Structure formats: C-alpha cells, structure tokens
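Numbers restart at 1 for each chain; the letters A, B, ... are given by sequence-line order, proteins then strands. These numbers were taken from a predicted model, which means no experiment stands behind them.
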Amino acid sequence: MIDPRLLRDDPDRVRAGQAKRGLSADVVDHALAADEQRRSSIAEYERLRAEQKQLGKQIPQAQGEEKQALLERTKTLSADVKKAEAAQGEAEQTYRELLMAIPNVAADEAPAGGEDDYAVLEEVGTPRDFAAEGFEPKDHVELGRILGAIDVERGAKVSGARFYYLTGVGADLELALVNMAMDQARGAGFTTMIPPALVKPRAMEGTGFLGQAADDVYRIEGDEMYLVGTSEVPLAAYHSDEILDGRSLPLRYAAFSPCFRKEAGSYGKDTRGIIRVHWFDKVEMFSYTTVEESEAEHQRLLGWEKEWLEKLELAYRVIDTAAGDLGLSAQRKFDCEAWIPTQGRYRELTSTSNCTDFQARRLDIRGRFEDGVKPLATLNGTLVAIPRTIVAILETHQQADGSVRVPAALQPYLQGRKILEPVVG
RNA sequence: GGAGGUGUCGCCUAGUGGCCUAUGGCGCCCGCCUGCUAAGCGGGUUGAGGGUUACCCCCUCUCGCGGGUUCAAAUCCCGCCACCUCCGCCA
C-alpha cells in the first residue's frame with residue numbers, strides 16, 4: 001500500500017509512477033474520489049455519534065416527561081448513527097480496495113518500460129568458451145542424468161510436468177548449497193529461520209501476491225490457506241501487527257523454505273529441465289529497516305548475492321529491472337543473472353527487491369522512533385534458489401568426460417569432493 | 001475432531017449495563033532531590049482516523065476479531081480466531 005498522504009498531497013507523482021510501469025492512472029483518480037467520499041462520510045458519522053453520546057449522558061439524570069422526550073429523540077438518532085456507520089464502513093472499504101490496487105511507486109533510478117527495458121549494471125567474470133576448449137557442453141538435463149543427480153522423468157510420472165527428483169549427488173548438492181548459504185548468512189549477522197510454507201490470506205495479501213500475481217499461487221482446496229511462492233511471505237508477515245523498537249533495526253532473517261508456483265502463462269517456456277518448476281527450495285534473505293536506510297540495505301543485499309555467486313565461480317551480470325517488470329510491492333529490483341552455457345545467455349539466479357514501506361503498511365509493521373511511530377521498510381533477496389543454481393554449476397563447471405568440477409568454496413559442504421563423477425554412460 | 005477455561009495499554013492486573021474520559025503496579029521517559037549509584041518525590045507513557053494546523057486544540061474509534069440486543073456495551077447474546085487443560089487421532 002502506498003502512503004495515503006502521498007496520494008492526497010502529490011497525486012501527480014503517483015500518476016507518473018503508473019505511467020512508468022505502463023499502467024493507467026485511472027485508479028489514482030478513482031482512489032482520490034473515494035478518499036473524498038470516505039472523509040465526508042466519516043465527518044457525517046462522527047457528527048451524529050457525538051450527538052448521540054451527548055444525549056446518552058443526559059438520560060440517567062433526566063426524569064419523567066423530559067426523560068421520555070430524550071429517549072424518543074435518541075431512538076431515531078440511534079438509527080441514523082447505524083446508517084451513517086454503515087455508509088462510512090462502505091466508503092472506507094471502497095477506498096482501501098482502490099488504494100491497495102496501486103503498486104509501489106517505482107524508484108526514480110529504475111528504468112522505465114517493460115521486461116526488455118532493463119539496464120545492465122555490470123558483468124562479472126567471463127562466460128566459459130567451450131569452443132576454444134574443443135568440446136560441446138552438455139545441458140543440465142543430460143549432466144543430471146549422467147551424474148545420477150536429477151530425475152525429471154520420474155518427477156513427471158509422480159507429480160507431473162515441471163517436477164523433478166534430486167537424487168544422489170543432486171540431493172547432496174542441495175544440502176551443500178543450503179548449508180553454505182546459511183553459513184554465509186549467519187556470518188553476515190542474519191538470524192536463520194525455517195518458516196511455514198502454508199499461510200493465511202492475510203500474509204499473501206500483505207506481501208502483494210493476491211493481486212495480478214494471484215494466478216501463480218496455489219490455494220488449498222477447502223481451507224483458506226496458500227502455499228507460498230517464496231519465504232518472503234512468511235518472513236514479511238512474521239512481524240505483522242507489531243511495533244518494533246527502532247533501535248533494534250535492521251532486523252535480518254535468512255530462511256530456508258520450499259517455494260510453490262503455478263507458472264501460469266508460461267506454457268511452452270523452459271519446458272526442458274529444472275529451470276522453471278512448480279516447486280523448489282530456496283534460501284531467502286529478508287531485512288526490516290527504515291525507509292531512509294532501505295536503499296543502502298538494498299545495496300548490501302545485492303552485495304551478499306554477488307559474494308555468493310562469486311564463491312560458486314559463476315559468470316554473471318547484474319540488471320536493474322524496468323519499472324513495468326517490478327512486482328506490485330517493489331520500488332526497485334536487481335536481478336543477478338548467471339551465464340548458462342547451453343542456452344548462450346544469462347538467466348536469473350537471484351533477485352533482490354526494495355519494497356520500502358509498501359508491505360509494511362499492508363501488514364501493519366511499524367517501528368518506534370524518537371520522532372514517533374512509522375511504517376518500516378522491507379527488503380528481500382535470494383541467496384540461493386536451488387534448481388537454477390544447480391543448473392548453472394553443472395553446466396559451467398562440466399568437463400569433457402561429463403564430470404563436474406566442484407568450486408573450492410563448495411567442497412567442504414560436499415564431503416570434500418572436488419569432482420562429481422558420472423555414474424552412468 | 002469433542003468438552004471446559006482464558007483473552008483489558010510493552011508486562012501483570014481492577015473492572016457484572018450509564019459516575020469507564022478504563023483502575024493499580026512493574027517497566028520506560030522527563031523533571032526534582034542527591035558525593036556516585038540506589039531509594040524517594042512529581043509528571044508523562046496504546047494505537048488509528050477525521051477536523052484544524054506554526055505550535056496548540058477539538059472530535060470519533062480502539063478492552064482478541066466480527067455481528068446482535070439496548071437510548072447507552074469492556075460488561076449481556078451469537079459467530080469466529082488464538083492460547084491453556086482434558087479426551088480422541090496421529091509423524
């Protein structure tokens with residue numbers, strides 16, 4: 001939810017924000033009108049209610065006919081108050097729905113436009129030149145089969161398309177990556193977390209995943225529950241309805257959790273392998289801080305993501321996502337994209353978003369500071385999304401014989417293995 | 001899933017229809033006192049919204065949440081949620 005103050009005092013900024021995302025500004029005008037309506041209905045209700053309270057006080061003291069007259073008047077007043085209250089509630093809800101539909105105002109620095117209008121901030125490392133080395137790289141599905149690491153056929157048999165089993169060294173790889181990521185996060189001062197992956201509507205709604213993103217969310221039939229698409233959801237909702245001590249900030253959490261995505265609208269995209277799947281595990285970083293500090297915190301999250309990719313010895317680039325490709329809650333987003341040899345292009349491995357006070361307003365997360373109580377800022381960033389990271393590692397570090405070199409930093413987490421050897425021909 | 005109990009301000013707590021504009025304590029903040037500290041004394045201390053706006057001030061809502069009864073609800077009634085105890089089931 002954007003700051004209602006901003007909408008009222010500077011609606012042009014909000015309109016500009018809509019335009020930058022390629023969205024209509026109509027909702028802004030509708031929300032402004034609803035705000036007017038809401039305020040006048042509040043005034044009307046409060047006027048009647050004050051009168052009712054005033055008269056109510058006189059009744060116990062009144063006697064006889066005077067009392068009868070008062071009772072007569074308050075009886076009709078009582079009905080008016082009820083009506084006014086209902087009208088106010090309705091106006092309030094209309095306003096709130098419109099306000100909630102407005103996405104966070106993109107940062108000035110974020111590029112305008114859609115998916116393809118990102119800005120490349122930097123490229124780190126050099127994509128490996130397999131032609132120069134004299135062999136054709138195998139893709140991760142083939143490598144996964146040779147190593148006995150990934151079983152997509154049985155994943156499809158048991159759970160359907162876009163499911164997989166990690167087996168043997170594949171399973172070992174996930175556990176190694178998770179432990180390594182958690183060690184890095186712990187070392188950076190994060191509190192480690194294992195959050196629930198099944199949440200109530202409030203958490204989903206509060207993080208902005210029930211708007212246009214709702215198609216991508218699994219809902220549990222018969223219960224008002226959702227499977228999270230990222231642990232950002234339970235981590236943001238963790239402190240909902242709380243007022244945190246401003247001196248305790250920033251609060252940083254790193255969570256390991258499964259993630260579930262319907263991938264609606266992605267039919268035909270990335271159908272091969274485990275680049276795009278309905279379920280995967282992830283270690284996610286999450287920060288609570290002040291709006292003023294959020295930009296610096298965003299850079300720190302990006303820094304930890306880069307540190308992570310460098311330890312895995314991957315070639316990657318950082319992009320500044322265009323406004324139209326930001327989630328509802330985000331004001332700015334950086335993606336780290338690793339080079340995938342068999343695709344000949346960079347693919348998103350991690351992503352970090354600054355949601356400023358957008359989610360905090362929806363979830364009622366505030367901080368107490370010397371100058372009062374204010375909504376906090378929330379930020380999230382991927383440390384490791386398992387399947388894509390495995391894809392990048394296998395494809396990047398493969399050798400001509402189908403074996404895969406283990407990056408030095410990962411070796412201690414893989415029982416000291418330096419090479420993953422093929423188990424089938 | 002069944003039965004019973006509980007839910008009041010950061011924490012504990014008083015409050016059984018109008019004098020609740022919610023009590024008292026702890027903690028916290030400000031001040032006084034004081035070699036230092038502690039103690040003592042005085043004051044302050046839920047949050048949201050509206051009006052007004054330099055500051056102040058006024059009003060409404062907020063006793064787990066939502067309805068209802070009533071001129072009037074923390075208080076009575078109904079539903080929901082959370083926690084506790086017991087039973088059943090279960091990894």
Side-chain angles (χ1 to χ4, degrees), chain A residues 1-11 31-100 194-206 220-226 234 237-249 251 258 288 290-291 357-376:
Chain A
M1 186 164 76
I2 62 167
D3 186 351
R5 206 91 236 163
L6 178 70
L7 177 70
R8 206 185 299 171
D9 297 343
D10 194 2
L32 280 170
D35 189 27
E36 292 282 340
Q37 178 64 36
R38 162 180 159 271
R39 277 146 69 196
S40 65
S41 69
I42 286 174
E44 174 68 2
Y45 161 71
E46 290 188 350
R47 188 181 64 76
L48 290 167
R49 175 68 179 149
E51 189 184 349
Q52 182 190 33
K53 286 178 71 170
Q54 201 56 35
L55 290 179
K57 267 184 202 156
Q58 296 170 26
I59 286 174
Q61 282 107 46
Q63 294 293 325
E65 276 178 35
E66 195 192 353
K67 186 161 188 167
Q68 285 311 310
L70 277 173
L71 283 175
E72 199 75 13
R73 276 177 62 195
T74 50
K75 218 163 236 179
T76 57
L77 193 54
S78 171
D80 292 344
V81 166
K82 211 156 268 182
K83 236 181 283 171
E85 189 180 15
Q88 189 226 314
E90 220 167 285
E92 190 88 49
Q93 204 195 329
T94 303
Y95 166 69
R96 198 175 165 78
E97 276 167 15
L98 287 164
L99 190 64
M100 296 268 280
I194 313 275
L198 209 49
V199 300
K200 298 197 280 189
R202 172 92 195 284
M204 225 45 172
E205 169 92 329
I220 302 298
E221 190 66 37
D223 288 289
E224 274 295 291
M225 298 286 278
Y226 297 90
Y238 185 64
H239 285 301
S240 53
D241 297 321
E242 292 182 25
I243 299 176
L244 304 173
D245 182 354
R247 290 168 300 190
S248 68
L249 303 176
L251 287 177
Y288 292 87
T290 61
V291 172
D357 54 354
F358 189 88
Q359 293 177 329
R361 285 183 189 279
R362 294 173 155 230
L363 290 167
D364 258 305
I365 304 163
R366 291 162 293 172
R368 193 184 300 281
F369 303 93
E370 286 187 4
D371 59 337
V373 173
K374 293 181 295 187
L376 296 178

(request) Report the residue (A:Thr74 or A:Asp35) whose heavy-atom-nearest nucleotide on RNA chain B is the more 5′ of the two. (result) A:Asp35
(request) State whether the distance check finds a donor on one side and an acceptor on the other, under 3.5 Å, for side chain A:Glu46 versus base B:G51. (result) no
Determine which nucleotide pairs with [N], using a 3.5 Å limit on both distances of a Watson-Crick or G-U wobble pair.
{"N": "B:U75", "result": "none"}
{"N": "B:C80", "result": "B:G64"}
{"N": "B:A3", "result": "B:U85"}
{"N": "B:G10", "result": "B:C26"}
{"N": "B:C41", "result": "B:G31"}
{"N": "B:C57", "result": "B:G51"}

[options]: which one has an atom nearest the side-chain heavy atoms of [X]?
{"X": "A:Tyr45", "options": "B:U60, B:G47, B:G50", "result": "B:U60"}
{"X": "A:Lys53", "options": "B:C61, B:A72, B:C59", "result": "B:C61"}
{"X": "A:Ala50", "options": "B:C59, B:A48, B:C71", "result": "B:C59"}
{"X": "A:Ser78", "options": "B:G51, B:A73, B:C71", "result": "B:C71"}

So [X], base contact, sugar-phosphate only, or nothing? Heavy-atom distance under 4.0 Å.
{"X": "A:Arg8", "answer": "sugar-phosphate"}
{"X": "A:Arg47", "answer": "nothing"}
{"X": "A:Arg202", "answer": "nothing"}
{"X": "A:Gln52", "answer": "sugar-phosphate"}

(request) Take atom C1' in B:U23 and the same atom in B:C33, then report the distance between them in whole Å. (result) 29 Å
(message) For the residue pair A:Gln52 / A:Arg49, report whether a side-chain donor-acceptor contact shorter than 3.5 Å exists.
(response) yes
(request) Kindly determine whether A:Leu198 and A:Tyr226 satisfy side-chain contact (heavy atoms from CB on, under 4.5 Å), including the steps that lead there. (result) CA-CA 5 Å; A:Leu198 209 49; A:Tyr226 297 90; over 6 Å; no
Distance in angstrom units between [X] [atom1] and [N] [atom2], rounded:
{"X": "A:Glu85", "N": "B:C61", "atom1": "CD", "atom2": "P", "result": "9 Å"}
{"X": "A:Lys82", "N": "B:A73", "atom1": "NZ", "atom2": "P", "result": "9 Å"}
{"X": "A:Arg49", "N": "B:U21", "atom1": "CZ", "atom2": "P", "result": "11 Å"}

